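In what follows, a structure is listed as structure tokens, so that the remarks can point back to it.
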Amino acid sequence: MVMEEERGDEIGEHEELNVFEELVGVVEIVAQFGDYRRTQRKECYNLVRRMKLLLPFFEELRDLDGSVSEEDIACLYNLKKTLVMAKKLLKTCNEGSKLYLALESEAIMVRFHTIYDKLSQALDDLHYNNLRISDEVREQVELMSLQLKRAKKRTDTQDIELAMDMMVVFSKKDDRNADRAIVERLGKKIELHNVEELKKETVAIRNLVKDNGHNTESSQHLIDLLNKFKQVAGMEETVILDESVVPRMLAKCSSLMIPHEFLCPITLEIMTDPVIVASGQSYDRESIQKWFDSNHRTCPKTRQTLSHLELAPNYALKNIILQWTEKNNFKLPSMDNQGGHEYSSADLTQEIISLVEGLSSSHLERQRDAVKKVRLLSKENPENRILIAHNGGIPPLVQLLSYPDTKIQEHAVTALLNLSIDESNKKLIAREGAIPAIIEVLQKGSIEARENSAAALFSLSILDENKMIVGLSNGIPPLVELLQNGTIRGKKDAATALFNLSLNQANKTRAISAGIVAPLLQLLNDRNLGMVDEALSIFLLIAAHPDGRQEIGKLFFIETLVEFIREGTPKNKECAVSVLLQLALNNSSFILAALQFGVYEHLDDITRNGTNRAQRKANSLLQLMSKSEQIQ
């Protein structure tokens with residue numbers, strides 16, 4: 001009997017030691033994760049910091065003399081389960097698809113809050129008096145528990161710029177260069193703007209699709225968006241849904257897996273003429289030469305600036321590739337046409353130089369022909385946009401914006417829109433004084449010229465300094481006028497530009513003074529235009545401004561919001577609830593007005609059936625309503 005009791009004590013001590021070691025182990029693993037996806041980075045670092053704060057507590061428990069009660073052991077196991085859940089979430093945010101995490105940012109935030117809730121509960125369940133830990137460690141744990149309670153109550157604001165960009169990119173509009181500028185901005189925001197990052201994202205999405213099934217609509221959304229990023233970066237599209245993971249050129253021999261080191265990092269195709277750049281990385285000669293010809297001075301893989309652009313033949317790698325191809329009976333692509341490509345590239349450069357000269361010609365027909373061709377070339381690919389700018393194409397295009405010929409003016413502003421997709425070109429275009437001239441075209445040009453002027457202002461205003469220039473150059477009123485009286489396409493271009501510009505506080509004031517509220521209400525009332533979400537997104541920005549709240553805080557507007565909350569699409573409801581919450585946070589009278597129109601039951605329904613973001617916003621509104629009733 002005594003021996004059995006001793007054995008039981010040994011087993012109990014072993015279980016205690018195991019759970020203590022496991023708790024320490026989980027935190028130590030998480031501490032090694034490194035960086036996180038940008039959309040969840042702040043929340044990840046907060047969670048990791050809180051987990052690390054528990055480490056002295058776990059280590060002190062491990063070193064305790066004496067046993068821990070079975071009840072506390074059970075609580076510690078629950079705590080371990082929560083930490084394992086946190087580790088899985090952090091791992092997803094560390095290596096998961098960046099596009100998926102951006103699209104599902106609200107759902108991911110719900111998972112963070114669930115972990116905060118469970119972690120706080122597990123810590124509250126422990127009996128600290130029985131654990132005999134030091135006062136210092138106990139105070140630290142109790143402080144952390146309090147922080148968790150605050151964190152799970154916090155209503156965080158979604159990155160509204162990111163949400164709007166996603167909305168535009170996923171819309172069914174034609175693929176225009178204005179939308180390509182949004183893809184470029186998205187790429188920088190979520191760090192998907194170079195070849196290496198896009199390669200890793202391709203693998204992450206392939207794994208996600210494999211795990212979640214091939215035919216879901218959300219998977220196709222991810223694939224379509226990934227290919228848009230690749231197109232902007234000058235990469236070939238990838239067929240993610242193919243089971244084969246080999247490059248496209250091996251699709252017909254899927255049983256043959258090509259060694260990774262034989263693939264060019266740019267094209268992901270087998271190299272026929274491998275060369276070494278200054279960073280020590282190997283690329284196929286044709287691909288890296290294209291990269292350099294596009295005015296790049298960095299290594300595509302490492303992103304480091306190269307000390308020189310000389311290419312050294314990698315004979316050793318080429319011989320290994322040839323041996324492998326002979327052994328596996330694999331035929332390399334023909335190199336016969338490479339000289340022709342080089343000639344074509346040089347010929348294109350010469351053509352662009354000639355066209356740029358033609359932009360300043362004294363002969364009207366030559367000017368018309370040159371500006372039209374520059375417009376078309378600037379739309380084709382990133383390399384052309386860089387070549388046109390590099391060869392002095394921007395200054396004469398800006399001069400042509402003031403030309404009395406409407407067709408020349410239209411081609412010029414559209415060419416500048418296309419060129420503005422490139423980040424460095426945005427600065428060059430603004431530096432040449434183009435923004436006031438574009439605003440003049442927006443006021444007086446043809447219908448197409450006005451639409452493309454609005455799109456150009458949006459693209460240029462991605463840079464914060466250009467937002468200020470547009471506002472100071474009186475560019476807001478003509479955009480509001482286009483929003484009021486333009487074609488559907490013009491209204492969409494104006495709305496996108498105004499949203500982007502209104503991220504600047506001074507421009508919010510200008511937009512309100514220019515009368516933006518009336519055309520936005522028109523967009524809400526005419527649902528056939530399909531711009532309800534865009535209008536509500538701008539209203540959300542305006543509602544954060546005191547003058548904006550005064551303009552839109554009328555009973556009829558609150559009634560309109562309640563109508564969308566009651567019978568709109570899921571996205572309409574989400575946007576309308578967000579606007580109402582923004583208003584209510586600043587003035588409780590908006591809550592009372594909404595209650596008069598029966599919003600309560602609709603909010604209650606959204607908390608169960610709405611999108612993740614709508615559910616959270618609706619819950620926050622219901623909490624505000626409850627507090628308002630208590631005060632009264």
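All values below come from the heavy atoms of this structure, side chains included, with hydrogens, waters and symmetry mates left out. Keep in mind it's a predicted model, so treat the numbers as computed, not measured.
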Short N-O contact, Lys571 and Glu574, less than 4.0 angstrom:
yes
Give the minimum heavy-atom separation between Ala497 and Ala454, together with the two atoms involved.
CB-O, 3.6 Å
Any side-chain to backbone donor/acceptor pair from Arg375 onto Ala412? Under 3.5 Å, distance only.
no
Partner of Arg450 under side-chain hydrogen bond (donor to acceptor under 3.5 Å, both in side chains), chosen from Gln443, Glu410, Glu481
Glu481
Exam field: side chain Thr607 to backbone Asp604, donor-acceptor pair closer than 3.5 Å
yes
In this structure, are over 12 heavy atoms from other groups packed under 6.0 Å from Ile447 atom CD1?
no
Residue pairs, two or more places apart or on separate chains, that pass ring-ring contact (aromatic ring centres under 6.0 Å, His included) and touch residues 516-539
Phe539-Phe557
Distance col, row Leu47:CG vs Leu89:CG, nearest 0.5 angstrom, shows 7.0 Å
Out of the candidates Ile512, Asn485, Ile516, Val517, only one should pair with Val480 under the side chain to side chain contact (heavy atoms under 4.5 Å, CB included) rule; please name it.
Ile516
Go through the steps for Leu521 and Phe556 under the test side-chain contact (heavy atoms from CB on, under 4.5 Å), then give the verdict.
CA-CA 10 Å; Leu521 287 172; Phe556 73 89; 3.7 Å; yes
Asp35 side chain reached by Tyr45 side chain, heavy atoms, under 4.5 Å:
yes
Taking C-beta and beyond as the side chain, do Phe597 and His602 meet within less than 4.5 Å on heavy atoms?
no
Contact check, side chains of Leu123 and Leu54, non-hydrogen atoms, under 4.5 Å:
yes
Output for pair (Leu501 CG, Met468 CE), nearest 0.5 Å, gives 12.5 Å
Would you tell me whether Arg616 and Asn619 have side-chain atoms, one donor and one acceptor, within less than 3.5 Å of each other?
no
Distance-only, no hydrogens or angles: does the Asn572 side chain make a donor-acceptor pair with backbone N or O of Val532 under 3.5 Å?
no
Can you list the steps and then say if Thr39 with Ile108 is a side-chain contact (heavy atoms from CB on, under 4.5 Å)?
CA-CA 10 Å; Thr39 44; Ile108 297 295; over 6 Å; no
Sub-4.5 Å side-chain heavy-atom contact between Arg37 and Ile190:
no
Donor-acceptor contact below 3.5 Å, side chain Asn452 vs main chain Thr414:
no
Ignoring hydrogens and geometry, is there a side-chain-to-backbone donor-acceptor pair from Ser459 to Ala455 under 3.5 Å?
no
Does the pair Arg38/Glu197 count as a salt bridge with the N-to-O cut at 4.0 Å?
no
Ser626 (side chain) donor-acceptor with Leu622 (main chain) under 3.5 angstrom:
no
If you look at every heavy atom in Ile439 and Gly475, which pair is closest and at what distance?
CD1-CA, 3.5 Å
Do Tyr600 and Leu595 make a side-chain contact, defined as non-hydrogen atoms from C-beta onward lying under 4.5 Å apart?
yes
Distance to the ring centre below 6.0 angstrom and angle to the axis at most 45 degrees; does that hold for Arg50 and Tyr116?
yes
Heavy-atom closest pair (Val413 atom, Ser453 atom, distance to 0.1 Å) is CG2-OG, 3.4 Å
If you draw a 6.0 Å radius around CD in Glu142, do more than 12 non-hydrogen atoms from other residues or ligands fall strictly inside?
yes
Drop me the distance from Leu621's CG to Gln582's CD, to the nearest 0.5 angstrom.
10.5 Å
Is a side-chain N or O of Lys98 found less than 3.5 angstrom from the main chain of Glu201, in a donor-acceptor match?
no
With a 4.5 Å heavy-atom cut-off, do Met51 and Leu90 have their side chains touching?
yes
Give the minimum heavy-atom separation between Asn586 and Ala543, together with the two atoms involved.
ND2-O, 4.4 Å
Would you please say whether a donor-acceptor pair under 3.5 Å links the side chains of Lys118 and Gln121?
no
How close do Ala430 and Ile435 get, counting heavy atoms only, and between which atoms?
CB-CD1, 4.2 Å
Rounded to the nearest 0.5 Å, how far does CG of Leu119 lie from CG of Leu83?
6.0 Å
Asn94 side chain to Phe33 backbone, donor-acceptor under 3.5 Å
yes
Evaluate the criterion side-chain contact (heavy atoms from CB on, under 4.5 Å) for residue pair Val579 and Ile542; output intermediate values, then yes/no.
CA-CA 9 Å; Val579 175; Ile542 293 173; over 6 Å; no
Tell me, with the steps shown, if Leu603 and Met625 meet side-chain contact (heavy atoms from CB on, under 4.5 Å).
CA-CA 11 Å; Leu603 290 175; Met625 290 176 178; 3.5 Å; yes
Any donor-acceptor pair under 3.5 Å linking the side chain of Arg385 with the backbone of Ser378?
yes
Is it the case that the side chains of Asp526 and Gln522 hold a donor-acceptor pair, with the cut-off being a distance below 3.5 Å and no angle test?
no
Would you confirm whether Asn425, through its side chain, and Leu419, through its main-chain N or O, come within 3.5 Å as a donor-acceptor pair?
yes
If you round to the nearest 0.5 Å, how far is CG of Leu101 from CZ of Arg41?
11.5 Å
Decide yes or no for Asn78 and Asp125: does some side-chain heavy atom of the first lie under 4.5 Å from some side-chain heavy atom of the second?
no
Is any side-chain heavy atom of Leu503 closer than 4.5 Å to a side-chain heavy atom of Asp464?
no
Any idea which heavy atoms bring Asn500 and Ser461 closest together, and the distance?
ND2-OG, 2.8 Å
What's the separation between atom CG in Leu460 and atom CD1 in Ile469, rounded to the nearest 0.5 Å?
9.0 Å
